[in-house]
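Per chain, numbering begins at 1; letters A, B, ... match sequence-line order. These values consider heavy atoms only, across backbone and side chains, with no hydrogens, waters or symmetry-generated copies.
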Protein chains: 2
Amino acid sequence: MTRRPTLKTIADRVGVTVSAVSLALRDDPRISATTRSRIQEAAEALGYVYNRHAAGLRRGDSGTVAVCLNDLSNPFFTEFLGHMETRFREAGRMMLFCHAHETPSIQARFIRQMAEHGAAGLILVPVEGTSRADLEGPRVRHLRDFPLVLISRDVADTAFDRVINDDERGIRLLFEHLYALGHRRLAWLGGGGDTSTAHDRERSFRREMDAAGLPIDDATMHHGPTSLAFGDSMLDELMALPTPPTAIVCFSDVIAFGVLAACYRRGLRPGIDLSVTGFDDMGAAAYSAPALTSVRVRTDLIGDRASELLLARIAGDRQPAVREMMPPELVVRETTGPPPETGMLPPRRRG
Amino acid sequence: MTRRPTLKTIADRVGVTVSAVSLALRDDPRISATTRSRIQEAAEALGYVYNRHAAGLRRGDSGTVAVCLNDLSNPFFTEFLGHMETRFREAGRMMLFCHAHETPSIQARFIRQMAEHGAAGLILVPVEGTSRADLEGPRVRHLRDFPLVLISRDVADTAFDRVINDDERGIRLLFEHLYALGHRRLAWLGGGGDTSTAHDRERSFRREMDAAGLPIDDATMHHGPTSLAFGDSMLDELMALPTPPTAIVCFSDVIAFGVLAACYRRGLRPGIDLSVTGFDDMGAAAYSAPALTSVRVRTDLIGDRASELLLARIAGDRQPAVREMMPPELVVRETTGPPPETGMLPPRRRG
DNA sequence: TCATGACGATCGCAAATTTCT
DNA sequence: CAGAAATTTGCGATCGTCATG
């Protein structure tokens, strides 16, 4: 059980001092090229592995950043993860990762632990219900002046950077598309829990309805978990209404996929008998049967920009906090079309 | 710009020594209850944050484990991530995460860096083409006696623990199901690149065909990326054959979903005009239109067991390496059914 | 003066050791 | 001399300072 070699091991072997080894391994010109290569060869031969704990202790920066997400089962969020991981890897930083499961206590613990680990910054999709106090209160004093960027979800009045999607615009694009097709009876299947995203999208939906002079029937407004099962389970209820909606606007693609599954079972043809829209435009949206009309949230832009902001903060940028909104794009596919002729809805069963 | 408080800061404030503070914060009984609480209050008041670099340097264990995956866009792999993250969080360990994008150089760099960061162990889905030398060669000497568990994919002859799915059994379950339904012309859409999973599943498929006395037509055997696009693009080609297959066996759910999308476009009814099977049984399989027949890979069991093994190794377990296979389960849904009557294939178009 | 590299202090914490009641 | 408390040492790397040819 030989211990891991250290700078001293190498130094003894080569016959120089520890600091010479330290410099040599970092290619410092103060060490001559010949001794440098002798040292580097010895390090290689000994199987030396750099110890960042020690270096970090001395230097202050451990070379990690922390990322905390909430819903790994939703591919939409793992898209963020992918983009950011790439950016941080390119910047030579490792990622401390946490899956908070929408649980405040997990998030709180992680915020403390990543600080203990010396993470240089944090990217956070705040768990639902996260308030300003959770990020700036006395229990998280270490976050003061700490590089922290919120993505995807906003937290009101906070003094941290935020990079989010322009949900209002997204909903407007969808509404205008459906309205132009002739839809007047629209249902809303909300999700996203108690987050800014949930509130912004629903509020925007209501506002668009109002602005268009369309009445909002509570029986067509629902909120539930952001899951396939929720979308799947709500279709029957909506179609059982005296005057069922001709279009269903879903909080997210995941919910919309659930609605499509239910449509299939009922023999309803999405885009013909009923229009369905998603939100996020995750990769799978182009391959549902039929392909889903959705709003593309630019996870790439958001992830890149958030990483960039964070790295700048880590590098010492002290600008006032920004709140940036990335513009989403409407992607029209096959699940939207003109409403069926009134009263002519043909609920064929498949077979 | 006041610096972060340290044990010394607290010690000075309370008027005790640094070691007293160290012990008190760890609730050591050697410090009297009263001073202990005085110290803890002072720590709280000062906003003290534990420094694991320093502690880790002294103790040897940094409290992290590393996880390296390859395909975040495939929800199947993020299922692993979720299970393991939970287990490690419960064990009080943070996760250093890497997305290797099937790129050996990224994986190699991560294997080094996580060691530099003092990760206590590593869970790895090896990138395609990873060989024994990549894990045990001279360039990765630090992996000798290092807690490392491979999941999902095997690496031949390696001396590390592995927890993988029993792919042979999975394919057999699918084949037997299709055979019993009456299918005799089966196509294979392979994926998974150059991994043990890819090889095992295809080999098993061929073996089942052979064992049943069914000829294997090269025109029905394909290999491509594990993507929706691949499945989507292959259907036309397969159906254009003189005698098209009556069933398509896909390497994974993702590919199968692509096939379903193409079926929809062609007006082919999965489960009636053509049978389609997936593999993995990710969450979305139950909600495709129609719902996908698949083989459930127990990501929960694999993830849990791998975490458990790793934690045991970290705790000092020196048992010989194990290779454990978790049994998958057939999940019959709607995309499989008896083959259509010969020659009676009705390629209706939707509309 | 310059190039090279030796020396010792230091980071924050924890464990071993010593000193004090 | 037992037990509590204070002191010292050292983890592994980095950095400023100093010495040598």
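Rounded to an integer number of Å, the gap from CG of A:D61 to P of C:dG12 is 14 Å. For A:I10 and C:dG5, the CD1 to C1' distance is 16 Å, given to the nearest whole Å. As rounded to whole Å, 9 Å separates atom P of C:dC13 from atom CG of B:L25.
Within the 3.5 Å criterion, the main-chain N or O of B:S22 finds a donor-acceptor partner in the side chain of B:R26. Put simply, the side chain of B:R162 never gets that close to the backbone of B:D154: no donor and acceptor are under 3.5 Å apart. Side-chain N or O atoms of B:E128 include none that pairs as donor or acceptor with a backbone N or O of B:G192 at under 3.5 Å. Using modelled atom types, no side-chain atom of B:D12 and backbone atom of B:T9 make a donor-acceptor pair closer than 3.5 Å.
Qualifying side chain to side chain donor-acceptor pair (under 3.5 Å) partners for B:N74, counting only residues two or more places apart in sequence or in other chains: none. Under the rule for a salt bridge (Lys or Arg N to Asp or Glu O under 4.0 Å), the partners of A:R89 that lie at least two apart in sequence or sit in another chain are A:E85.
No contact: A:V21 has no heavy atom under 4.0 Å from any strand.
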For nucleotides 11-21 of chain D, 5' to 3', base contacts (B), sugar-phosphate-only contacts (S) and non-contacts (-) with protein non-hydrogen atoms under 4.0 Å give BBBBB------
